[in-house]
Amino acid sequence: MFARVVRTTQVVAAVVLVASCTGSASGKERAGAPPLTSAPAAQHYAFADDSHLMIATGDRIVHRIPAANVAGIDWTHDGRYVFALDRPLTGDGADQIIAADVATGETVTRRCDCISAAAVGPSDILFIDRQGRANRLDLSDRSSKAEPASFTMPAGLVARQVFDGAGDVLPLLATASADFDNTSGALYEYTAAGTARLLRDLPQVYDLSMIVARETSSGVQYLYSAIEVQGDCAHPGPVFLTDPVTRESVPTDVTVIREGPAGNGTDVGLSDAWWGADGSLYGRLQSWICSPEGGTPVTPAQVFKLAGNRWVTHDPQALTFRDLRSGERLVVSTDSTLYLETGGTRARIAEDVTLVEPQPPAGR
């Protein structure tokens with residue numbers, strides 16, 4: 001069970017998402033939740049539950065859209081559009097990208113047969129379809145169609161997943177096969193000019209469970225982890241942090257999550273990661289021991305903090321949090337309730353929340 005839970009959240013992390021559009025209430029918001037309102041000139045945030053994607057500011061929900069299975073949340077670089085990959089859980093629907101103008105709620109929906117997408121340029125997104133073809137879509141033009149993106153993959157490899165990057169680079173997973181299977185591959189940085197730079201070879205990889213990036217004065221830095229083998233359970237490899245100068249991937253110390261030394265049969269999974277307002281790196285991690293039933297939990301999913309190279313317990317009662325520019329904080333508790341924390345007060349916003357992501361500053 002737990003390995004499969006991680007497998008689900010890894011898709012969330014490996015894919016970007018979120019959209020907005022007015023619609024009927026999901027019934028998951030807190031009792032007495034305020035009605036839909038016009039979006040004020042303030043920082044928005046997007047969150048998803050098991051059936052809707054929502055856009056809010058403060059404690060006010062300004063747009064809602066039904067969504068079968070939101071796989072992640074992201075925003076365009078200009079902060080104007082929120083977009084999501086909606087992946088139906090049944091065979092009745094097709095993978096599609098949903099995007100919305102956060103100011104007006106106008107939406108764009110495009111079928112994509114894709115498993116990941118990332119923001120590029122002010123209002124453009126890049127997605128890779130299941131045949132390994134990259135396509136670019138301009139969300140500012142509602143009539144535009146996806147156009148093939150021009151970049152060349154290294155010989156013998158197929159593009160599989162693209163992720164939100166930093167600066168002018170995007171991290172991209174390439175594998176020896178486009179099929180979802182245990183195979184070999186590599187993690188690359190792709191520049192805006194379409195050139196590839198090897199970040200790390202992956203002798204065993206099923207897919208990338210999580211990667212986040214930030215731009216530093218010394219270069220781009222990444223935190224990432226890959227599912228190396230998928231069988232009865234997901235078997236992740238180490239959680240790596242790269243050196244922005246040497247670009248070397250250094251394994252972080254996950255002893256506190258594993259609850260024992262390496263090799264004790266416990267797998268550790270990373271399903272969310274972010275840099276907080278204090279500049280520290282945080283992550284949602286959990287551990288399990290594999291079994292034919294899917295896995296026996298060891299450490300439940302919760303927020304840890306990276307102190308030097310070692311993960312330490314930070315908030316066992318939270319699944320994730322995000323800091324807003326106002327100084328407020330969005331927190332998803334371990335019972336999947338979303339709260340907005342302001343000073344010493346906490347307002348409950350919604351229940352059954354799976355994802356949350358604040359609007360970035362324009363021109364990130």
Side-chain angles (χ1 to χ4, degrees), residues 2-15 72 116 161 163-166 171-173 182 185-189 199-214 216 219-230 233-244 246-276 279-290 295 297-316 318-322:
F2 282 75
R4 294 193 179 99
V5 169
V6 172
R7 179 69 185 90
T8 299
T9 54
Q10 73 81 19
V11 174
V12 169
V15 180
S116 67
Q161 294 170 286
F163 308 91
D164 208 16
L172 183 146
L173 174 66
N182 302 317
L187 183 60
Y188 285 90
E189 290 179 308
L199 190 63
R200 181 170 171 263
D201 281 318
L202 301 170
Q204 277 190 308
V205 62
Y206 180 78
D207 62 11
L208 214 60
S209 58
M210 184 71 226
I211 185 166
V212 290
R214 71 167 177 174
T216 75
V220 177
Q221 184 175 39
Y222 300 95
L223 180 84
Y224 69 93
S225 180
I227 303 296
E228 294 184 339
V229 177
Q230 179 73 37
C233 307
H235 295 287
V239 178
F240 288 104
L241 182 67
T242 66
D243 184 306
T246 66
R247 303 175 71 245
E248 179 186 2
S249 295
V250 179
T252 57
D253 186 343
V254 296
T255 301
V256 67
I257 304 112
R258 183 186 292 115
E259 297 189 8
N264 71 348
T266 302
D267 288 305
V268 175
L270 173 73
S271 54
D272 193 13
W274 65 97
W275 275 272
S280 297
L281 184 55
Y282 297 88
R284 179 174 65 226
L285 296 104
Q286 67 188 109
S287 61
W288 62 91
I289 296 175
C290 186
V298 176
T299 300
Q302 59 186 273
V303 174
F304 292 85
K305 179 180 179 178
L306 191 62
N309 190 54
R310 181 171 58 92
W311 292 100
V312 297
T313 301
H314 179 73
D315 189 348
L319 290 176
T320 191
F321 72 80
R322 295 293 191 274

Any side-chain heavy-atom pair of [X] and [Y] under 4.5 Å:
X      : Y      : result
Pro297 : Gln286 : no
Val256 : Val312 : no
Phe304 : Thr313 : yes
Arg247 : Glu189 : yes
Leu202 : Leu173 : yes
Asp272 : Arg322 : yes
Thr299 : Leu285 : no
Val268 : Trp311 : no

Please report the closest heavy-atom contact between [X] and [Y], naming both atoms and the distance.
X      : Y      : answer
Ser280 : Lys305 : OG-CE, 3.3 Å
Asp267 : Pro236 : CB-CD, 3.9 Å
Trp288 : Gly269 : CZ3-N, 3.5 Å
Asn309 : Leu306 : C-CD1, 3.7 Å
Asp164 : Ala213 : O-CB, 4.3 Å
Gly165 : Pro171 : CA-CD, 3.6 Å

Treating [X] as the side-chain partner and [Y] as the backbone partner, does any N or O pair qualify as donor plus acceptor under 3.5 Å?
X      : Y      : value
Thr266 : Ser287 : no
Ser225 : Ser209 : no
Asp315 : Gln302 : no
Gln221 : Thr216 : no

(Q) Rounded to the nearest 0.5 Å, what separates atom CD in Glu248 from atom CG in Leu199? (A) 11.0 Å

Q) Rounded to the nearest 0.5 Å, how far does OH of Tyr188 lie from CG of Asp201? A) 6.5 Å

Q: Say whether Ser271 and Arg284, considering side chains only, have a donor N or O and an acceptor N or O under 3.5 Å apart.
A: yes

**Q.** Residues that Thr242 engages under side chain to side chain donor-acceptor pair (under 3.5 Å), provided they are two or more places apart
**A.** none

**Q.** Parallel, tilted or perpendicular: ring planes of Phe321 versus Tyr282, cut at 30 and 60 degrees
**A.** perpendicular

Q. Pick from Leu187, Leu270, Leu223: which one makes a side chain to side chain contact (heavy atoms under 4.5 Å, CB included) with Ile211?
A. Leu187

